[in-house]
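In what follows, a structure is listed as structure tokens, so that the remarks can point back to it.
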Amino acid sequence: EQLRRPDGRIGPALNSTYWGVLALRAAGRKPGAATVRYILRAQKKDGGWSWSPRAASDAGDTAAAVQALRSAGASARSAPISRAVRYLRRCQNRDGGFAVSPGAGADAQSTAWAIQALAAARKDPGKAPFRYLKRLQRGDGSFRYSKRYVTTPAWVTAQVLCALARRPFPL
């Protein structure tokens with residue numbers, strides 16, 4: 001509550017606002033119309049969102065914004081959500097995984113975020129992203145960040161498990 005600003009922003013960045021909305025909704029509270037408007041105004045022309053006003057769109061922040069807006073009551077059929085879904089689909093690679101941005105290599109976290117956003121938007125992610133994630137699972141049950149890298153396995157695995165459950169935030 002103390003981090004809310006008159007323009008609707010929560011905290012120092014755009015993505016702190018998405019997370020702030022999700023935290024408020026998890027606590028059973030509403031974010032307020034100014035906060036929803038702030039998020040909507042931050043949508044980029046390509047349909048995505050970023051972590052800060054001057055940064056390029058990325059899959060993770062777009063997915064977080066979609067989940068925040070849906071949890072705040074935005075319709076899955078609204079134009080901003082539809083545009084965001086199109087942006088996320090452009091981030092999907094032939095291997096089924098999603099990349100941080102269109103044309104980049106897929107990774108587990110971007111794929112997990114995209115699955116959750118598509119679930120929030122009531123869109124079927126299809127089987128391909130789940131197959132992609134399954135290929136990244138290690139023998140100990142954790143998930144690799146990508147085909148090339150094993151980094152922060154606890155964090156990556158936590159994000160993947162939410163996606164495998166097909167549950168958007170807030171849980």
Side-chain angles (χ1 to χ4, degrees), residues 14-19 21-23 25-26 39 42-52 55-171:
L14 288 174
N15 64 0
S16 60
T17 304
Y18 319 144
W19 282 104
V21 169
L22 292 169
R25 295 305 299 139
I39 295 171
Q43 189 173 29
K44 307 282 186 181
K45 289 181 182 180
D46 63 7
W49 275 273
S50 64
W51 67 274
S52 88
S57 297
D58 65 82
D61 288 301
T62 298
V66 166
Q67 291 172 82
L69 288 169
R70 288 286 294 130
S71 74
S75 168
R77 295 181 181 180
S78 69
I81 301 296
S82 296
R83 290 179 59 226
V85 166
R86 286 192 297 275
Y87 173 81
L88 288 171
R89 296 283 191 199
R90 288 192 304 275
C91 292
Q92 190 169 18
N93 291 339
R94 290 182 187 197
D95 62 6
F98 287 78
V100 170
S101 60
D107 66 80
Q109 289 173 301
S110 297
T111 301
W113 278 110
I115 289 169
Q116 286 184 277
L118 293 170
R122 296 188 179 153
K123 301 291 182 188
D124 182 5
K127 293 178 183 174
F130 296 100
R131 284 195 300 266
Y132 172 81
L133 292 174
K134 186 169 179 60
R135 289 191 302 271
L136 296 181
Q137 191 165 22
R138 301 169 70 210
D140 66 1
S142 68
F143 288 84
R144 303 173 62 86
Y145 173 76
S146 68
K147 288 184 234 177
R148 243 178 120 182
Y149 299 107
V150 176
T151 184
T152 61
W155 184 17
V156 172
T157 300
Q159 288 185 296
V160 168
L161 292 176
C162 294
L164 292 178
R166 297 178 184 246
R167 300 261 331 260
F169 289 126
L171 297 178

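In this text, all values refer to a predicted model and were calculated from it rather than measured experimentally. Side chains are part of it too, since the values below use all heavy atoms of this structure and drop only hydrogens, waters and symmetry mates. We number each residue from 1, following the sequence as shown.
Between S50 and K44, some side-chain heavy-atom pair lies under the 4.5 Å cut-off. Looking at heavy atoms from C-beta onward, Q116 lies in side-chain contact with C162 at the 4.5 angstrom threshold. The shortest side-chain heavy-atom distance between R89 and K123 falls under the 4.5 Å cut-off. Side-chain atoms of R25 and F169, non-hydrogen and from C-beta on, never get closer than 4.5 Å to each other. In this structure the side chain of W51 never reaches within 4.5 angstrom of the side chain of S16, judged on heavy atoms. I39 places none of its side-chain heavy atoms less than 4.5 Å from the side chain of L14. Side-chain contact between V21 and S71 is present, with heavy atoms from C-beta onward closer than 4.5 Å.
Rounded to the nearest 0.5 Å, atoms CG (L88) and OG1 (T62) are 5.5 Å apart.
Donor-acceptor pairing under 3.5 Å is lacking for the side chains of S101 and D58. Between the side chains of Q43 and R83, a donor-acceptor pair is found at a separation under 3.5 Å.
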Would you please test D95 and K147 for salt bridge (charged side-chain N to carboxylate O under 4.0 Å, His left out) and show each step?
CA-CA 11 Å; D95 62 6; K147 288 184 234 177; 3.5 Å; yes

Can R90 and F98 be said to form a side-chain contact (heavy atoms from CB on, under 4.5 Å), step by step?
CA-CA 9 Å; R90 288 192 304 275; F98 287 78; over 6 Å; no

Could you please spell out the steps behind the side-chain contact (heavy atoms from CB on, under 4.5 Å) verdict for Y145 and T152?
CA-CA 8 Å; Y145 173 76; T152 61; 5.7 Å; no

Could you walk me through whether L69 and W49 pass side-chain contact (heavy atoms from CB on, under 4.5 Å), step by step?
CA-CA 12 Å; L69 288 169; W49 275 273; 3.7 Å; yes

Tell me, with the steps shown, if F143 and Q159 meet side-chain contact (heavy atoms from CB on, under 4.5 Å).
CA-CA 10 Å; F143 288 84; Q159 288 185 296; over 6 Å; no

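A120 approaches P168 most closely through the heavy-atom pair CB-CB, 3.7 Å. Scanning both residues, A121 and V66, for their nearest heavy atoms gives CB-CG1, 4.5 Å. Minimum heavy-atom separation, F130 to A163: CE2-O, 3.6 Å. Shortest non-hydrogen contact noted between S146 and Y132 is CA-OH, 4.2 Å. Residues L136 and A108 come closest through the heavy atom pair CD1-CB, 3.7 Å. The nearest pair of heavy atoms linking T157 to G141 is CG2-O, 4.4 Å.
Just one of S110, S57, P102 meets the side-chain contact (heavy atoms from CB on, under 4.5 Å) condition when paired with C91; it is P102.
Under the ring pair (Phe, Tyr, Trp, His ring centres under 6.0 Å) criterion, no residue pair touches residues 69-95, with sequence neighbours excluded.
Atom CZ of R122 is surrounded by 12 or fewer heavy atoms from other residues, nucleotides or ligands within 6.0 Å.
The backbone N or O of D140 lies less than 3.5 Å from no partner atom in the side chain of R138, so there is not a single donor-acceptor pair. For N93 (side chain) and G103 (main-chain N/O), no donor-acceptor pair under 3.5 Å exists by modelled atom type. Under the 3.5 Å distance criterion, the side-chain polar atoms of T111 are left unmatched by any main-chain donor or acceptor of P129.
Considering only residues two or more places apart in sequence or on other chains, D124 meets the side-chain hydrogen bond (donor to acceptor under 3.5 Å, both in side chains) condition with none of them.
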